[in-house]
Amino acid sequence: MTERMRELTDKLITGHSLEENEYRELICLRDEESALILQKEAVRLRKKFYGDKVFIRGLIEVSNICKNDCYYCGIRKSNRLCDRYRLTKEETLSCCRDGYALGFRTFVMQGGEDGAFSDEFLCDVIREIKVLYPDCAVTLSLGERSRKSYEKLYEAGADRYLLRHETADSEHYARLHPKNLTLGNRMECLRNLKEIGFQTGCGFMVGSPFQTSECLAKDLKFIEDFKPDMVGTGPFIPHKDTPFRDYPAGSTELTCFLLSVIRIIHPPVLLPSTTALGSLEKGGREKGIIHGANVIMPNLSPTDVRSKYMLYNNKLSTGAESAQKLEELKKLIRGIGYEIVYERGDFMNAECKMQNAE
Ligand code: 5AD
């Protein structure tokens with residue numbers, strides 16, 4: 001490890017903050033030794049806030065119909081080969097019923113930006129889930145909507161909202177998305193969600209095409225400033241029916257390094273070890289956990305639609321990442337010294353957590 005890297009890791013660990021340019025250096029100068037130091041600190045912090053607990057969320061992929069045409073995504077509008085589906089209210093509730101019986105206390109409704117998801121429809125589903133399962137949290141991951149719409153969804157009882165910012169560099173954003181999608185609008189949505197009161201999650205892909213260390217430095221600085229309750233970060237994985245089919249996947253190593261850095265920047269953050277990380281290599285999801293992640297989102301979608309919700313190729317959906325194989329997942333997680341717990345697993349702010357720890 002270089003002397004400079006020693007300075008940077010020390011500064012990050014003591015101050016939970018670096019200048020944007022220092023984040024860039026941290027990424028460029030990383031080596032095994034410095035990664036290990038940051039991993040240890042990330043694990044120490046996650047244990048201080050969450051002990052050895054790993055929270056689980058039941059992921060319900062409610063629709064793969066999308067009006068957007070993001071160049072990286074397998075369910076983009078232009079992909080004619082994608083077999084489209086949308087779950088009915090009853091089908092979604094049936095996923096929740098199964099999930100509740102399995103022990104899940106958070107349901108994540110994730111889907112493309114499907115025009116059929118009116119506020120009325122979504123609010124009706126959310127209210128019903130909350131009546132049937134008042135002890136559960138509802139997380140939404142349904143893309144960009146108006147402030148008014150977010151307000152209605154919050155009033156209907158949704159607790160959390162995931163909206164990855166995808167990249168905090170506006171030029172990079174423009175290379176991943178068609179013109180009608182802008183970083184400015186994305187950020188406005190995130191600010192709205194937070195102001196309304198949602199536990200809010202942002203996030204980005206690691207190794208997406210045209211991504212540079214400058215882009216990643218901006219992502220980290222944004223996380224430091226925005227202080228999201230959740231951060232979803234996984235490797236980019238190409239999908240064969242998208243414009244990015246020929247680009248290489250992101251690396252497990254860099255994803256894990258960044259998970260550790262994110263944990264140190266914002267210690268109480270809810271940090272999933274993503275399906276994409278698990279899909280890239282065997283044991284990838286466990287690697288995420290030992291680098292500071294504390295959330296896993298097993299798949300609760302009806303089995304017949306799982307293969308249709310293909311954001312990228314080779315996405316895992318039937319092994320231990322399937323909600324039905326929770327016992328298998330519990331063993332894997334126990335094997336690395338952590339414990340799956342059946343709690344809602346809400347974000348608590350740092351001060352509150354500090355008091356609890358005392
Ligand atoms: N590889 C990895 N992640 C992807 N996502 C979309 N397409 C891909 C891909 N090809 C991620 C995006 C989105 C989330 C739901 O899935 O970051 O926000």
Side-chain angles (χ1 to χ4, degrees), residues 57 59-79 81-82 108-114 117 139-145 160-169 172-173 175-178 181 183 185-187 189-190 193 200-211 215-216 219 222-223 228 230-252 254-255 258-259 262 271-281 284-285 288 295 297 299 301 305-306 308-317 321:
R57 322 294 195 197
L59 181 65
I60 309 172
E61 296 156 332
V62 289
S63 168
N64 68 356
I65 298 169
C66 192
K67 67 172 167 33
N68 292 329
D69 227 1
C70 310
Y71 304 141
Y72 47 82
C73 185
I75 65 167
R76 63 200 299 269
K77 176 178 75 182
S78 297
N79 183 7
L81 299 171
C82 176
V108 182
M109 291 172 62
Q110 182 175 92
E113 292 192 18
D114 182 337
F117 285 155
T139 304
L140 303 177
S141 178
L142 299 166
E144 298 182 13
R145 302 177 71 89
R160 312 185 186 128
Y161 204 105
L162 302 170
L163 183 73
R164 289 191 178 179
H165 63 283
E166 309 300 357
T167 172
D169 180 299
H172 186 218
Y173 197 92
R175 300 185 78 174
L176 301 181
H177 303 95
L181 298 173
L183 182 60
N185 201 53
R186 199 83 176 167
M187 293 298 189
C189 286
L190 280 167
L193 289 163
T200 302
C202 64
F204 59 94
M205 289 177 288
V206 177
S208 58
F210 318 114
Q211 183 176 64
C215 299
L216 289 170
D219 291 320
F222 170 62
I223 288 166
M230 311 170 278
V231 175
T233 296
F236 161 75
I237 302 175
H239 185 292
K240 65 178 178 31
D241 306 314
T242 64
F244 288 167
R245 64 178 65 86
D246 294 326
Y247 286 89
S251 80
T252 304
L254 181 53
T255 305
L258 293 168
L259 286 173
I262 293 165
L271 194 60
S273 188
T274 57
T275 308
L277 190 54
S279 299
L280 202 58
E281 67 174 53
R285 227 175 16 176
V295 175
M297 300 166 69
N299 198 321
S301 308
V305 307
R306 283 187 199 173
K308 299 179 187 167
Y309 198 82
M310 268 303 160
L311 306 181
Y312 45 85
N313 287 130
N314 309 315
K315 181 176 154 233
L316 293 183
S317 68
E321 61 294 324

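In each ligand, atom 1 is the first atom listed, and ligand 1 is the first ligand listed.
Between E61 and R306, no side-chain nitrogen of the basic residue sits less than 4.0 Å from a carboxylate oxygen of the acidic one, so the salt-bridge criterion is not met.
With a heavy-atom cut-off of 4.0 Å, H239 does not touch ligand 1 at all. When heavy-atom distances to ligand 1 are checked against a 4.0 Å cut-off, P235 comes that close only through its backbone atoms N, CA, C and O.
Proximity annotation for atom 18 (O) of ligand 1: of E166, K315, H165, Q110, E166 comes nearest, heavy atoms only. Among M205, R164, E61, R76, the residue whose heavy atom lies closest to atom 14 (C) of ligand 1 is R164.
Other residues, nucleotides and ligands contribute over 12 non-hydrogen atoms within 6.0 Å of the NZ atom of K308. Other residues, nucleotides and ligands place more than 12 heavy atoms under 6.0 Å from the CG atom of N185.
Residues Y72 and Y247 place their aromatic rings such that the two centres sit no closer than 6.0 Å.
Atoms of ligand 1 found under 4.0 Å from any heavy atom of F236 (numbered from 1 in listed order, with element): 1 (N), 2 (C), 10 (N). Within ligand 1, the atoms closer than 4.0 Å to a non-hydrogen atom of C73 are 7 (N), numbered from 1 in the order shown.
Side-chain atoms of N64 never come within 3.5 Å of backbone atoms of I75 as a donor-acceptor pair (strictly under, hydrogens ignored).
Taking atom 15 (C) of ligand 1 as the reference point, the nearest protein heavy-atom neighbour is L311 CD1, 3.8 Å. Looking only at heavy atoms of the protein, atom 7 (N) of ligand 1 is closest to Y72 CD1, 3.3 Å.
Taking distance alone, with nitrogen or oxygen atoms compared against 3.5 Å, I237 approaches ligand 1 more closely than that limit.
Checked against L277 for a side-chain contact (heavy atoms from CB on, under 4.5 Å), the options L316, I237, L259 give a single hit: L259.
Side chains of N299 and S301: a donor on one and an acceptor on the other come within 3.5 Å.
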